[in-house]
There are 4 protein chains.
Amino acid sequence: MTSGLAEKRREKYEAILKAALKVFAEHGFFNSQVSKIAREAGVADGTIYLYFKNKEDILISLFREKLGSLVRKFHEHVHEDDRADEAIRKICELHFTELEKDVQLAKVTQLELRQSSRELHSEISKALKPYIQLIEDVLVRGIEQGIFRRDLDVKLTRLLIFGAMDEVVSSWLISGRRYSLSAQVDKTVDFFLRGLRA
Amino acid sequence: MTSGLAEKRREKYEAILKAALKVFAEHGFFNSQVSKIAREAGVADGTIYLYFKNKEDILISLFREKLGSLVRKFHEHVHEDDRADEAIRKICELHFTELEKDVQLAKVTQLELRQSSRELHSEISKALKPYIQLIEDVLVRGIEQGIFRRDLDVKLTRLLIFGAMDEVVSSWLISGRRYSLSAQVDKTVDFFLRGLRA
Amino acid sequence: MTSGLAEKRREKYEAILKAALKVFAEHGFFNSQVSKIAREAGVADGTIYLYFKNKEDILISLFREKLGSLVRKFHEHVHEDDRADEAIRKICELHFTELEKDVQLAKVTQLELRQSSRELHSEISKALKPYIQLIEDVLVRGIEQGIFRRDLDVKLTRLLIFGAMDEVVSSWLISGRRYSLSAQVDKTVDFFLRGLRA
Amino acid sequence: MTSGLAEKRREKYEAILKAALKVFAEHGFFNSQVSKIAREAGVADGTIYLYFKNKEDILISLFREKLGSLVRKFHEHVHEDDRADEAIRKICELHFTELEKDVQLAKVTQLELRQSSRELHSEISKALKPYIQLIEDVLVRGIEQGIFRRDLDVKLTRLLIFGAMDEVVSSWLISGRRYSLSAQVDKTVDFFLRGLRA
DNA sequence: TATGAATGAGGCTTCATTCAT
DNA sequence: CATGAATGAAGCCTCATTCAT
């Protein structure tokens with residue numbers, strides 16, 4: 001039997017994060033009040049501070065948790081022995097479908113990702129790093145497999161790929177999600193692979 | 001001699017915007033105080049409100065002015081009879097060199113571009129529209145010139161290109177500008193053109 | 001023991017109103033700062049806003065509470081089966097003695113009663129209505145009892161009576177309360193009854 | 001020929017007062033901005049301060065001028081050899097018709113008359129004094145003429161009369177002037193005279 | 001005299017955080 | 001652990017008044 005106590009704690013922790021995701025997505029970080037998150041989570045204002053250091057810590061934790069589980073999902077679906085071009089397709093597919101499934105996460109990711117505070121920035125970079133790294137790994141593998149060009153600058157190219165996908169998601173959000181995001185996968189991947197192939 | 005009155009007004013208006021750019025770049029919109037902008041501009045707090053409706057209006061005006069002059073610069077350098085591939089190169093070159101020259105503008109663009117407030121968002125989208133449109137125009141021209149693929153989705157592709165460049169700039173900023181941004185032009189354009197060419 | 005929670009809340013609510021009464025009486029609504037009321041009430045500035053929507057709401061609530069309890073007092077002392085002329089005497093007596101007892105209330109009533117803001121005005125009219133109505137009821141009863149003239153315009157006359165008493169109080173306040181207000185009851189009522197009697 | 005200079009000055013002085021009357025009547029003293037008065041008067045903000053010490057001085061001057069001319073009008077129409085009861089009728093008639101003719105003055109008189117500041121209060125009392133005194137004079141004369149009761153307390157009764165009329169005007173204003181004010185003269189005077197007659 | 005741009009003190013209100021229960 | 005009332009610092013904005021032109 002797992003500890004009922006720690007489990008209870010974990011549950012409330014997640015309830016608060018879920019509430020925060022909703023509130024941040026709706027109003028943005030600076031226009032979200034801790035009290036609103038508390039109400040949404042069904043706890044008292046003070047309770048928040050038993051689980052998080054401060055308001056910013058909520059956002060950071062949120063990114064860590066959410067991006068962590070996203071990255072895990074990528075790793076589950078992209079394997080070392082996959083062909084690199086298939087891996088790139090898989091990555092783009094996951095990127096678009098996962099954010100299409102979880103609009104709140106998409107909003108927070110796109111709208112709050114580039115906020116201000118020093119601490120925030122480095123934390124978010126840290127949380128994103130494994131994903132960017134995954135893309136780089138695939139690029140390296142593709143070169144080794146002879147599928148991608150040898151002269152690729154993998155550090156630069158991973159940014160081009162991530163940024164391009166990121167912008168497609170942002171634009172889709174700003175448009176009010178008036179079209180299918182996942183329907184953009186094929187054309188996007190096509191553009192990438194032409195840029196990558198040997 | 002030309003009207004000293006309107007000129008004086010224009011000068012102060014620009015002094016405030018210049019101060020705002022500096023303060024916003026350093027602290028982000030929500031962590032910037034109007035009083036700090038006033039001090040930086042060498043005017044009284046109240047003076048700000050003779051030139052701007054409120055704090056948000058400063059940011060919006062800043063975008064309008066800065067992006068407006070950027071877009072003008074693009075139009076000066078990219079001509080209708082240019083080869084589309086050369087135009088793409090020119091765009092990327094300007095994008096990187098202009099932001100490398102004006103780090104504060106880069107910071108505000110990257111950090112504040114995706115802020116929250118409804119009004120803000122639509123204003124910024126409006127300000128960016130002509131640039132995104134310019135990219136699209138070049139793509140269309142490229143297809144007409146037989147240089148780019150006929151099956152390009154220009155609406156999607158303009159986002160891929162803009163997003164990729166945008167991410168390179170962001171990453172460069174986050175890195176603390178430890179390398180040359182304009183040195184990335186060649187490899188970036190190479191990647192683009194492979195994705196675009198017929 | 002009864003609920004200490006709601007009781008506590010009520011206590012603080014009344015402490016703030018009491019403080020507001022004092023401050024408003026001394027400086028007038030527009031020259032009173034919320035911070036001064038808070039200090040007088042022994043609470044933090046922010047606490048005020050846990051009990052009142054804004055500064056104006058304090059004044060409105062003050063009127064509602066104070067005039068409400070005044071009106072209640074009138075109803076306790078003036079009964080349906082009283083002779084109408086005795087009822088008029090009672091009303092004037094209470095009007096003068098109650099305001100003589102509570103100078104701060106008198107000041108706020110006289111000085112702030114006719115302030116500007118739309119909302120304020122209608123709220124105050126609403127709070128005063130039952131009192132003016134009480135006077136009218138007594139006039140109607142007097143006519144029915146055959147004590148007062150049948151040709152009285154009760155809507156007009158209630159204003160004459162209220163206005164006359166009101167002015168006596170104002171003048172007494174402005175004079176610096178250099179004479180007894182309640183000592184004016186007999187002569188005032190005498191004047192009224194001559195005007196009313198059949 | 002009168003001095004064109006002083007005349008010009010007088011004209012602008014009155015233009016500002018007229019503008020102030022309009023603005024104060026519409027928004028109340030505390031919600032009226034000096035700049036709004038200036039705009040209404042067609043002068044620059046700074047010009048106001050060439051004619052008035054400060055904002056409060058505008059209100060005080062306004063009262064002095066307006067009440068002064070009102071009082072003059074009363075003196076023109078009420079003569080020493082009139083019967084006192086006719087004089088009372090004349091006073092009430094003028095009170096109602098003059099304020100009915102000049103709604104702005106009525107509003108300022110009723111709404112701003114009892115505002116806060118120390119200086120203001122005493123100034124207004126001073127400006128009102130001659131009018132209240134006029135009523136008292138008539139009362140005294142009425143007693144001498146054997147028309148009014150010998151036992152009248154003239155100091156008190158002048159307040160009752162003024163207050164009653166004042167309230168009728170206020171109520172008429174608050175009602176949105178939905179009925180004729182001057183139509184109330186007969187019944188009002190009837191009430192007064194019953195209270196006064198020997 | 002007249003202007004009106006500039007000033008800057010000051011007030012209302014919000015909200016992250018604390019702490020007594 | 002949980003609560004939520006209370007705190008009080010801080011910021012945006014207004015507007016009476018001044019002064020250089």
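Reckoned from all heavy atoms, side chains included, excluding hydrogens, waters and symmetry mates. Residue numbers begin at 1 in each chain, while the letters A, B, ... track the order of the sequences.
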Review point. Using the ring of each side chain (for Trp, its six-membered ring), is C:Tyr13 parallel, tilted or perpendicular to C:Phe52, with breaks at 30° and 60°?
Key: parallel
Review point. How close or far is atom P of E:dT14 from atom CG of A:Asn31, stated in whole angstroms?
Key: 13 Å
Revision key, fill the gap. Taking every heavy atom of C:Ala20 against every heavy atom of C:Ile58, the minimum-distance pair comes out as CB-CG2, 3.5 Å
**Study point:** Residue met sooner reading DNA chain F from 5', once D:Ser35 and B:Val34 are mapped to nucleotides
**Key:** B:Val34
Revision key, fill the gap. Quick note, C:Tyr49 side chain, CB onward, closest among F:dT17, F:dT14, E:dT14 is E:dT14
Exercise for review: Provide, to the nearest angstrom, the distance between the CZ atom belonging to C:Arg39 and the P atom belonging to F:dA6.
Suggested key: 19 Å
Practice item. Take atom CD1 of D:Ile37 and atom P of F:dT17, then tell me their distance rounded to the nearest Å. Key: 11 Å
Review point. How long is the line joining CD1 of A:Ile16 and C1' of F:dT3, in whole Å?
Key: 13 Å
**Study point:** CG-CD1 distance between A:Leu128 and B:Ile174, expressed to the nearest 0.5 angstrom
**Key:** 8.5 Å
Review point. Hey, which of these two, C:Gly46 or B:Asp45, hits DNA chain F nearer its 5' end, going by closest nucleotide?
Key: C:Gly46
Review point. What is the distance from CD of B:Glu56 to C1' of F:dC13, rounded to the nearest Å?
Key: 15 Å
**Study point:** Nearest-nucleotide comparison on DNA chain E, the residue closer to the 5′ end among B:Tyr51 and C:Leu50
**Key:** B:Tyr51
Practice item. Choose from F:dG4, F:dT7, E:dA2 the nucleotide whose nearest atom is closest to any side-chain atom of D:Lys12. Key: E:dA2
Point to revise | Value in whole Å for how far the C1' atom of F:dA5 lies from CZ of C:Arg10 | key: 18 Å
Practice item. Tell which nucleotide pairs with E:dT21, taking only Watson-Crick or G-U wobble pairs whose two distances are both under 3.5 angstrom. Key: F:dA2
Point to revise | Contact nearer the 5' end of DNA chain E, comparing A:Gln33 with D:Thr47 | key: D:Thr47
Practice item. Using the ring of B:Phe29 (Phe, Tyr or Trp, six-membered ring only), decide whether B:Lys55 places NZ or CZ under 6.0 Å from its centre and within 45 degrees of its axis. Key: yes
Exercise for review: Measure the distance from CD1 on A:Ile48 to C1' on F:dG4 and round it to the nearest whole Å.
Suggested key: 12 Å
Check your understanding: Where the side chain of C:Val43 is defined as all heavy atoms beyond and including C-beta, which of F:dT7, F:dT17, E:dT13 is the nearest nucleotide?
Key -> F:dT7
Point to revise | Distance below 4.0 Å between D:Lys36 side-chain N/O and F:dC15 OP1 or OP2 | key: no
Check your understanding: Given atom NE2 of D:His27 and atom P of F:dC15, what is their separation to the nearest angstrom?
Key -> 11 Å
Revision key, fill the gap. Using Watson-Crick geometry (N1-N3 plus N6-O4 or O6-N4) or G-U wobble (N1-O2, O6-N3), each under 3.5 Å, E:dA9 is paired with F:dT14
Point to revise | D:Arg10/D:Glu14 ion pair, N-O < 4.0 Å | key: yes
Review point. Base, sugar-phosphate alone, or nothing: which one does D:Arg9 contact when heavy atoms must sit under 4.0 Å apart?
Key: sugar-phosphate
